[in-house]
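Source: prediction; values computed, not measured. Chain letters run A, B, ... following the sequence lines, proteins first, then strands; residues in each count from 1.
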Number of protein chains: 2
Amino acid sequence: MEGQRRRARQADVARLAGVSQATVSAVVNGRGPETGIPEQTVQRVLEAVRQLGYAANPAARSLRGKRNRLLGVHTFESIFPVDQLDFYHEFLVGIEQQAVADGYDLVLFASTEDLDGRRRIYTDGMNRLALADGSVLLGVEPGSTELARLAAEGYPFVHIGRRTVPGTEISWVGADYASATREVVGRLAALGHRRVAYVTGPDRMEVFLDKEAGYRAGCADAGLPELMYVTSQLDPAWVDAAHAGGVTAVLAENEPLARQLVAALAERGMAAPADMSVVVLVTMTESGWSSLRIPRNEMGRGAVKMLTRILAGSGDPGDQHHLLPCGLPDDHMIGPPRS
Amino acid sequence: MEGQRRRARQADVARLAGVSQATVSAVVNGRGPETGIPEQTVQRVLEAVRQLGYAANPAARSLRGKRNRLLGVHTFESIFPVDQLDFYHEFLVGIEQQAVADGYDLVLFASTEDLDGRRRIYTDGMNRLALADGSVLLGVEPGSTELARLAAEGYPFVHIGRRTVPGTEISWVGADYASATREVVGRLAALGHRRVAYVTGPDRMEVFLDKEAGYRAGCADAGLPELMYVTSQLDPAWVDAAHAGGVTAVLAENEPLARQLVAALAERGMAAPADMSVVVLVTMTESGWSSLRIPRNEMGRGAVKMLTRILAGSGDPGDQHHLLPCGLPDDHMIGPPRS
DNA sequence: ATGAAAGCGCTAACAG
DNA sequence: CTGTTAGCGCTTTCAT
């Protein structure tokens, strides 16, 4: 067994096929006919390629300025975190499907993870993402400086999840929480609910704003009062107060809040949806809640589609946005108000 | 917005800092002290780096360094097939974890998929895998010609799942089905079973042989007769025959067989495990069966570990094998024989 | 129709 | 201690 045979270079192929390196380059890039290289020569080159197991070195290729049909996937945390196993999975499925369709390979940036489990785009001031033609970014990221820098450098990327960084144009695909939330309020109103509360944590992040807006719009549509609660403590006392206030349905921003709510209800001998309809707006996984369905697969596909479009059109401003419809919650924990 | 400002190169930094390019290289690579560059110069360089937003071009770096710290992941089918969503998932998790640990990025080869959903290593005679320093291969692959060729080319790869190709040395990590099967037989014997059948499909693939061997060994250990059934039709008639023959426990090679068996039992008014203990040896997903647990995560991790070892040690023959222990089945469908 | 040669941005010898 | 230089493997004019 010869073992570590050196990787074949273009020059080797050229030598074996008895042609020049330029010819090899033309052939492997499918510019054979275009450049007017005779079919026979093409075949000779391909035979040599086959014999040597030649594959173009992507580093050299992209150094020379051409694309390497590599799309990066960068997550700001471990891509397969143990605790929320399938959060990224569906996104990835969509990303992969579209990559297959568009003939791209995917680079999962794993090397960028530090000891905290955080992944940074820039390490030692270097941008590892630059290895890929463009990248899909996803995950909850606290600081936006990396994003801003990436955009400033003109690196093509699409963020999964609506994202704005002041003074920067960022392309993203997002889920249309606003419309979905609005519709949910409408549905609750149609069921007879007159006082629908909205509960959210004290940590007011950008991504929450559109859900609030949707809630407000929904209330306006149905002529309902806006009952916003910003809290991280949904205890039995809160339930008592809400009950006294005539609240019969609650939109919970996230799953932990909803869990607290259900526990608090239980402590008062109540249950959802009999005594209170409960809708969770964002869940990590598809679970037993009445929750909005995040179109993860579609978002992944959409991100790749947008990215390849950006890569194709060279003059794109890179501030494209695409909102995908959320699935509406099933009736699991939704019912008519207690009369 | 200046927009497409050209990316700063090392030369630009050198010019601004008034030093040579080599100095810049040393500084950005942290070889400053080591090379004995005065602190003041280092600071001057870093300041220039900051001002220009310089980031080293990774393509140039890896071109220079021969390796690009990219590990390939090649599956012979769609990596995220819709019908068996989480079959590859756990392997991938393990692969990613180890890649993070070893500082490698991962390339998911998606571009190689043809219209049938098959993925080939070689397309147009080109080996796309060569893009990565080495690759992990997984999935059920019918033909071994690609594998043989890959090995002949000296491309470093590790196969997940035991694999032998005549005349070729292939490195793999596998699950130790033999030991596990043997232990299962032992456990059944300990429960009092005297006639344990082994049922397998007519398609005798290599991967099945070690389970058979384990079964035989287990029977020998316990002094039980070998009752091998090769069939794809586990109908009620088979159940009658088995019953008449005193069979009280069945090892089913795969899940479809087990399903047939349970259905056939039901048709005769019997159920598992009361009337018949049923163990499935290989399942696609962790389901309600008493089945061997394939150590997918560990196999993924092990494959990457083996691969990086092969890449590190330049003289490796590339025929390393590693067997990982299977988890034993829970008692879901296992019980003592009907007395 | 094919070949020769010049870089892409970086690192590592080797000079100075 | 710092600068000069020679490629890494590829694509792309420009000659032939």
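Contact annotation: A:R64 side-chain N/O to D:dG9 OP1/OP2 distance is not under 4.0 Å. Distances shown here put every side-chain N or O of A:Q21 at or beyond 4.0 Å from the OP1 or OP2 atom of D:dC10. Side-chain N/O atoms of A:R9 include one lying less than 4.0 angstrom from OP1 or OP2 on D:dG9. A close approach under 4.0 Å does not occur between any side-chain nitrogen or oxygen of B:T41 and OP1 or OP2 of D:dC1. Taking side-chain N and O atoms only, A:S20 has no distance below 4.0 Å to OP1 or OP2 of C:dT2. Dashed line: the shortest gap from a side-chain N or O of A:N29 to OP1 or OP2 of D:dT11 is under 4.0 Å. Side-chain nitrogen and oxygen atoms of B:S62 include none within less than 4.0 Å of the OP1 or OP2 phosphate oxygen of C:dC10.
How far CD of B:E96 is from CG of B:N297: 11.0 Å, rounded to the nearest 0.5 Å.
As rounded to whole Å, 12 Å separates atom P of C:dC10 from atom CZ of B:R15. Note: CG (B:N57) to P (D:dC8) measures 18 Å, nearest angstrom. Remark: P of D:dC8 and CG of A:D12 are 11 Å apart, rounded to the nearest angstrom.
Heavy atoms of A:A56 sit under 4.0 angstrom from primed sugar atoms or phosphate atoms, though from no base atom. Contacts of A:L63 with the nucleic acid, taken as non-hydrogen atoms under 4.0 Å apart, include base atoms.
Between A:V136 and the choices A:I95, A:L106, A:T75, A:L71, the side chain to side chain contact (heavy atoms under 4.5 Å, CB included) rule is met once, by A:I95. A side chain to side chain contact (heavy atoms under 4.5 Å, CB included) with A:Y54 is found for one member of A:L46, A:L16, A:V28, A:V45 and no other, namely A:V28.
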- Task: Let me see the working for A:W172 and A:R162 under side-chain contact (heavy atoms from CB on, under 4.5 Å), right down to the final yes or no.
- Result: CA-CA 6 Å; A:W172 50 256; A:R162 155 179 282 175; 3.6 Å; yes

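Comparing C:dA12, D:dG9, D:dT2 by their closest approach to the side chain of B:A22 singles out C:dA12. Side chain of A:V19, nearest nucleotide from D:dT2, D:dT11, C:dG3: C:dG3. You'll find that the side chain of B:Y54 is closest to C:dC10, out of C:dC10, D:dG3, D:dT12.
If you look at B:H159 and B:F157, their ring centroids are not closer than 6.0 Å.
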